[in-house]
Q: 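Okay, handing you the structure first.
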Amino acid sequence: MEVLEDIRTRVYRFGNKTADGNSTMKNLLGGKGANLAEMSAIGIPVPPGFTISTEACTEYNELGEEAVLAFLKEDVEKAIENIEDIMGTTFGDNENPLLISVRSGARVSMPGMMDTVLNLGLNDEVVKGLAAKTGNDRFAWDSYRRFIQMYGGVVLGMKPESKDDIDPFEEIMEHLKEKREIQLDTQFTVQDLKDLVYDFKDAVKKRTGHDFPSDPWQQLWGAVIAVFNSWNGNRAIYYRKMNGYPADWGTAVNVQAMVYGNMGENSGTGVCFTRDAGTGENVFNGEYLINAQGEDVVAGVRTPQQITKLGSERWAELAKVEETDRAENYPSLEELMPSMYKELFEYQNKLENHYHDMQDMEFTIQDGKLWILQTRNGKRTGAAMVKIAMDLLKQGLIDEKEALLRIEPNKLDELLHPVFDPKAIKRAHIIAQGLPASPGAATGQIVFFADEAKKFRNTILTRIETSPEDLEGMNLAKGILTARGGMTSHAAVVARGMGKCCISGAGALKIDYKNRTLTVDDKEYHEGDWISLNGSTGNIIEGKVATIEPTLSGEFAELMKLTDKFSTMEVRTNADTPKDAKAARNFGAKGIGLTRTEHMFFEVDRIKAMREMILADTVKGRKQALEELLPMQREDFEGIFEAMDGLPVTIRLLDPPLHEFVPHQLATQKELADDMHISLSAVKNKVAELHEFNPMLGHRGCRLGNTYPEITEMQTRAIIEAALNLKEKGIVSKPEIMVPLVGTMNEFIEQETIIRETANKVFEEYNDTIEYLVGTMIEIPRAALMADKIAEYADFFSFGTNDLTQLAFGYSRDDAGKFLPIYLEKGILTVDPFEVLDQEGVGQLIKMGTERGRSTKPNLKVGICGEHGGEPSSVEFCYNTGMNYVSCSPFRVPIARVASAQAAIKAGSK
Ligand code: PEP
Ligand code: MG
């Protein structure tokens, strides 16, 4: 049968500042191949090479090895010749050999599936040539033994056969180490390396029945086929299935000349950044080593030197190295190899201008010739992220939308809390890990009880879990650590609101209140011992770690201003105190989306009256106690309204189960009995009566207001009176009274009637009025289903996604810590639904609730006040659902503002 001539291009060359491909050809050349082509095409000296296309891989799968090798042979031979011309070396030559690397590279990065063979082209003769050429026996023989090991594993399948099996080559090395009584690979002598090569080849022969291939061409084709095969290996198939990548994509094969930075004093290698990844400062910087391989720079065995003179001088100052010593022993590349430096400087400029972002580059100097091995967008701190985005905008390299999209909203956290000094953190001893519940850094002495939070100047309140009674202590402590509880546990929510560092759910901690000890892995810590918490990572650290105050740079403010230009969905805050309200307003909150009134009742002067109210047996008794609470509550609201002058403030009526307010300890029960002139047993009986099997589903939310209407009356009166009092002073209050935990329309109607009647009474008494709204939380699934009915009466909806998640999943917020971590570990859940909104499930209820509500009242104001209101992906969902606002903790306001602007930009609405 006649084979039609195939004119398809399968081999794409790059090098010598030209390329057959470019970065748009990722599907054909794979991500790595396309990027190498792009760099070469714009004039960056990448080690020359070629990419065999992904189509060739697909042909291999369909037509088999023989057909594809026939298609490739001539082009690959030409491409190797091209590399030889550029490098001035010859593949397989005994005196001046070209060595190559062979790597896979799919159109998307598939870590773990990638097989790589380095130093290909070596054999018993070539290794001698390499040794002679470099004058370095050790380097040549070490490269050869590494090559056999890699090739044996990747191409000849000499890998451990099971998880418990050890790598056959490692086993041989271990034997030799034992025999020679040495520990490290670096302690092998040249003769050891030669012996290893011999033993490795022997092992190959025994296992495969064939000699290790000595012909470089045979080695190359073997490696190409192995890379093709790796596309259909178990690992790759699993990875593809997991990510939904189709099998017909195939992988490309990248073949590239090896370059070495360890060929003598005229060689070196380094890593550099086009800007400072820590501060964002627009200064070129990096580190290098002369006569070294890439991993030497990061391994920290030798002290890497700075690339620029300025960097070198800054380093010397920190390291306390004298200038003469610095210049002599640690010269910068700029000083040592000025022409190499100049060239590198030009390339970094070119790459940053090309990719419009800060680049992290790797380079190697081989015998006086500079090669760029890799470039990618560099990782950076939150501060650097903001500065770089705004600087690039000012330089005209990106536009406003792109500057906003460059911001990873969660990273702004770092700019909003005190942080550990990066130098100190490097030396820190981490003793355990918990959930990063509230970011920031805290160092203090351990206390186990909230009322002892003032015992030392800086304390870390360390509890099994916290309760509302601990509020004051939490506020006084520098940080909060709990052994139990998740991201929406009491400790976590309160700490985030306070902007206080908190680690929750650290299961490894054993806390013994009686003996006042904290035990981790058999080590005991006592009250007064110093520990430190990194609330951004969940690391619990032994001892003191120095912290630094964050500086809100000018660029941060500029960025925040930019968000207003694009966001159409407002950001409010969850705040219970004037202090929090002010902090949030400074961060740009456009109102309060949730004031939890219950927090106000825990302060010392109020809890007594609150307890009396709860323990009262008659309406009269309750009213009397509420009378006492009224002026305090009114004062609270006045403070908040004043702080939010002119902006809307949503106040939620009392929500938690009453047992949370009563004392559970004998001493406090006695105190209360004395205060109320009743017997201790009466107090005990009442406390026992309040016990509920399932308090989260019990007597709470609007069920309180509907059974004790006088509570709703008192709270409404306090709100309206506060607003009217301020009106006299010219302060504008815009209260939005919110009924919690509504599940039926009648529950809401009952409450609304009380609220409106009470407000009218106050208006009459003051002979004045204010505008106010009455709305509801949607946090019970039934409320979402019945939203069209509820909207007939409610002025607004606010989704309480903490409870909505709890009730939709049927996961108790207070008990989920027992199984959620295991679910996450096993992959039953991919994220904690209390942290990241479950758009698929709970999201349906939110969409339905919004749509149904607006079907009755088209202009219904809709927002969210659950913890998700400050989580970027959830904020985007809220935007796409058409919400008017999201509401979150004060310290998440800037994050939500960026997320809101990004959502609008992505949706193309502006
Ligand atoms: C909610 O349930 O989402 C909510 C905001 O209320 P809380 O967390 O106080 O129950
Ligand atoms: Mg709730």
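Numbering of ligands and ligand atoms starts at 1, following listing order. One is the number of the first residue; the rest follow in order along the sequence.
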Q: Check all N, O or S atoms of Glu779 and name the one closest to the Mg ion (ligand 2).
A: OE1
Q: What part of Leu594, side chain from CB on, backbone N/CA/C/O, both or neither, has a heavy atom under 4.0 Å from ligand 1?
A: side chain
Q: Verify the distance test for Asp655 against the Mg ion (ligand 2): any N/O/S atom under 2.8 Å, yes or no.
A: no
Q: Give me the residue, atom name and distance of the protein heavy atom closest to atom 6 (O) of ligand 1.
A: Arg652 NH1, 2.9 Å
Q: Short question: side chain of Glu692, backbone of Asn694 - any donor-acceptor pair under 3.5 Å?
A: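 Side chain of Glu692 to backbone of Asn694, a donor-acceptor pair under 3.5 Å: no, none is there.
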Q: Does any N or O in the side chain of Thr462 come within less than 3.5 Å of the main-chain N or O of Ile460, such that one atom is a donor and the other an acceptor?
A: yes
Q: Once you restrict to heavy atoms under 4.0 Å, what part of Asp803 touches ligand 1? Side chain, backbone, both or neither.
A: both
Q: Determine whether a donor-acceptor pair (N or O, by modelled atom type, separation under 3.5 Å) exists between the side chain of Asp645 and the backbone of Val732.
A: yes
Q: What residue and atom, counting heavy atoms only, is the protein's closest point to atom 9 (O) of ligand 1, and at what distance?
A: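 For atom 9 (O) of ligand 1, the nearest protein heavy atom is Arg596 NE, 2.8 Å.
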Q: Could you check atom 3 (O) of ligand 1 against the protein and tell me its nearest heavy-atom contact, residue, atom and distance included?
A: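 Nearest neighbour among protein heavy atoms for atom 3 (O) of ligand 1, to 0.1 Å: Asn802 N, 2.7 Å.
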Q: Heavy atom under 4.0 Å from ligand 1: found in Glu867's side chain, backbone, both, or neither?
A: neither
Q: Is Glu792 salt-bridged to Lys857, cutoff N-O under 4.0 Å?
A: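 No.
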Q: Relative to atom 10 (O) of ligand 1, which among Glu779, Arg813, Gln806 owns the nearest non-hydrogen atom?
A: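 Selected option, by shortest heavy-atom distance: Arg813.
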